[in-house]
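Single-structure report; data block below.
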Amino acid sequence: MSVLTVTDLAKAYGGVRAVDGVSFAVEAGERVALIGPNGAGKTTLFNAIHGQVQPDAGRVMVRGAETTGQAPHRVWRHGVGRTFQITATFMSMTVLENVQVALASYHRSALGLGQALRHRYRDEALALIAQVGLRDAANRAVSELAYGDLKRLELAVALTNAPALLLMDEPTAGMAGDGRGEMMKLVDRLVADVGVAVLFTEHDMDVVFGHADRVIVLDRGRIIASGAPDVVRADKGVRAVYLGTYDDGAVVT
């Protein structure tokens with residue numbers, strides 16, 4: 001059974017078909033990159049999978065259960081975690097408190113602030129924080145973190161529901177070169193250690209072709225190519241539409 005199955009998914013805004021009959025699947029332990037030029041439909045597709053957008057047609061299945069059109073918090077309950085291009089965290093709280101709040105939500109636990117928060121799910125939260133390399137920053141205010149560490153914290157929060165599928169929207173956006181590599185190595189370790197499936201969008205082609213097991217290319221809401229990174233990289237249509245102009249076997253970006 002695939003972790004994620006998308007079948008004939010469609011979403012239009014007026015006369016613009018942002019997602020136009022898209023079908024694909026993602027398997028456990030697979031890293032799939034979703035790429036395409038601006039306006040290709042990547043964000044709309046992500047939002048339709050995660051419940052921020054109601055699709056006009058098609059189906060979304062997570063581990064065999066239909067989640068089409070369900071609200072994000074219900075999709076989350078099915079084992080889907082998500083990170084965003086722009087991080088969303090509680091800046092006035094500590095790293096540890098951010099993860100504790102997310103765990104309290106996952107465990108459906110009523111949670112007050114202050115003293116009560118210090119003792120709830122502490123060990124579980126610390127384990128997740130250590131998993132993303134932030135153990136030494138557990139008691140720091142989020143407002144003090146460097147941007148790369150904010151991305152790590154957001155990933156820790158996304159892991160609080162023990163997801164089978166991670167949706168990662170531009171996981172390395174805004175990060176320097178070394179930070180991008182470290183973030184993707186962290187994702188690679190998660191895939192290897194717990195078998196989570198990862199569907200991610202990314203503009204950095206070094207990240208895409210260096211870390212994806214499979215690449216799906218969207219253009220004007222439709223899939224124009226799908227396959228192993230080397231196969232997609234060599235596709236003339238992809239070169240022309242996304243990577244640059246095809247000219248004598250070279251990619252001009």
Side-chain angles (χ1 to χ4, degrees), residues 38 42-43 46-47 50-53 71-73 75-77 79-163 165-191 193-194 196 198-204 206-207 211:
N38 289 335
K42 303 184 299 295
T43 299
F46 252 51
N47 287 341
H50 196 236
Q52 282 92 352
V53 165
H73 71 277
V75 176
W76 185 64
R77 289 284 170 196
V80 180
R82 182 171 181 181
T83 67
F84 295 84
Q85 183 175 354
I86 300 174
T87 57
T89 53
F90 296 111
M91 300 298 285
S92 62
M93 291 184 175
T94 66
V95 169
L96 178 60
E97 288 168 344
N98 268 263
V99 181
Q100 285 175 292
V101 167
L103 285 168
S105 177
Y106 175 63
H107 291 293
R108 303 181 188 272
S109 173
L111 185 63
L113 299 179
Q115 186 67 26
L117 185 59
R118 296 191 190 119
H119 301 287
R120 293 290 187 92
Y121 310 111
R122 181 181 177 85
D123 290 344
E124 193 175 349
L126 287 172
L128 288 171
I129 291 167
Q131 192 172 12
V132 301
L134 287 179
R135 181 62 182 86
D136 291 342
N139 294 312
R140 291 182 62 188
V142 173
S143 59
E144 299 174 358
L145 296 182
Y147 188 73
D149 287 340
L150 283 174
K151 287 281 194 177
R152 288 173 179 266
L153 172 57
E154 188 181 36
L155 179 56
V157 170
L159 294 173
T160 55
N161 67 333
L165 171 68
L166 268 177
L167 300 175
M168 304 189 74
D169 192 357
E170 298 283 349
T172 70
M175 300 178 74
D178 290 346
R180 291 181 181 188
E182 288 302 315
M183 172 58 75
M184 294 312 296
K185 287 178 182 177
L186 174 57
V187 173
D188 293 344
R189 287 198 298 272
L190 288 171
V191 171
D193 291 346
V194 301
V196 64
V198 179
L199 177 65
F200 68 98
T201 65
E202 183 58 63
H203 280 102
D204 187 323
D206 289 336
V207 168
H211 295 274

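Heavy atoms only: backbone and side chains are in, while hydrogens, waters and symmetry mates are out.
- To the nearest 0.5 Å, the span separating CD on Gln131 from CZ on Arg152 amounts to 12.0 Å.
- A side-chain donor-acceptor contact under 3.5 Å links Glu154 to the backbone of Phe84.
- Scanning all heavy atoms of the two residues, the minimum distance from Ile129 to Val99 falls at CG1-CG2, 3.9 Å.
- Side-chain contact between Arg77 and Arg108 is present, with heavy atoms from C-beta onward closer than 4.5 Å.
- The CD atom of Gln100 lies 10.0 Å from the CD atom of Glu124; values are rounded to the nearest 0.5 Å.
- Residue-environment remark: CG (Asp178) stays at or below the threshold of 12 foreign heavy atoms within 6.0 Å.
- The backbone N or O of Met184 lies less than 3.5 Å from no partner atom in the side chain of Arg189, so there is not a single donor-acceptor pair.
- With Val75 as reference, Val80 is the one residue of Leu165, Leu167, Val80 to meet the side chain to side chain contact (heavy atoms under 4.5 Å, CB included) rule.
- At least one donor-acceptor pair under 3.5 Å links the side chain of Arg180 to the backbone N or O of Met175.
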Q.
I'd like to know whether Asn38 forms a side chain to side chain contact (heavy atoms under 4.5 Å, CB included) with His203, so could you lay out the CA-CA distance, the side-chain angles of the two residues, the decisive distance to 0.1 Å, and finally the verdict.
A. CA-CA 10 Å; Asn38 289 335; His203 280 102; 3.5 Å; yes

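- The backbone N or O of Glu170 sits less than 3.5 Å from a side-chain atom of Thr201, completing a donor-acceptor pair.
- Note that CG of Leu103 and CG of Leu96 are 9.5 Å apart. Values are rounded to the nearest 0.5 Å.
- Taking both residues in full, the closest heavy atoms of Gly174 and Tyr147 are given as O-CD2, 3.8 Å, listed atom of the first, atom of the second, then distance.
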Q: Could you check Thr160 against Trp76 for side chain to side chain contact (heavy atoms under 4.5 Å, CB included), going step by step and ending with a plain yes or no?
A: CA-CA 10 Å; Thr160 55; Trp76 185 64; 4.0 Å; yes

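- A donor-acceptor contact shorter than 3.5 Å links the side chain of Glu97 to the backbone of Thr94.
- Across Leu155 and Leu186, no two heavy atoms sit closer than the pair CD2-CD2, 3.6 Å.
- Residues Arg140 and Glu144 share a closest heavy-atom pair of NH2-O, 2.9 Å.
- Separation of atoms CG (Leu153) and CG (Leu145) is listed at 6.5 Å; rounding is to 0.5 Å.
- Between Ala158 and Pro163, the closest heavy-atom pair is O-CG, 3.6 Å.
- Thr172 contributes atom OG1, which lies 3.0 Å from atom CD of Glu202 (distance to the nearest 0.5 angstrom).
- With rounding to the nearest 0.5 Å, the separation of CE in Met183 from OG1 in Thr83 is 7.5 Å.
- When all heavy atoms are compared, the tightest approach of Asn161 to Gly81 is ND2-N, 4.2 Å.
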Q: Would you sort out whether Leu159 and Leu166 count as a side chain to side chain contact (heavy atoms under 4.5 Å, CB included), showing the intermediate values?
A: CA-CA 8 Å; Leu159 294 173; Leu166 268 177; 4.1 Å; yes

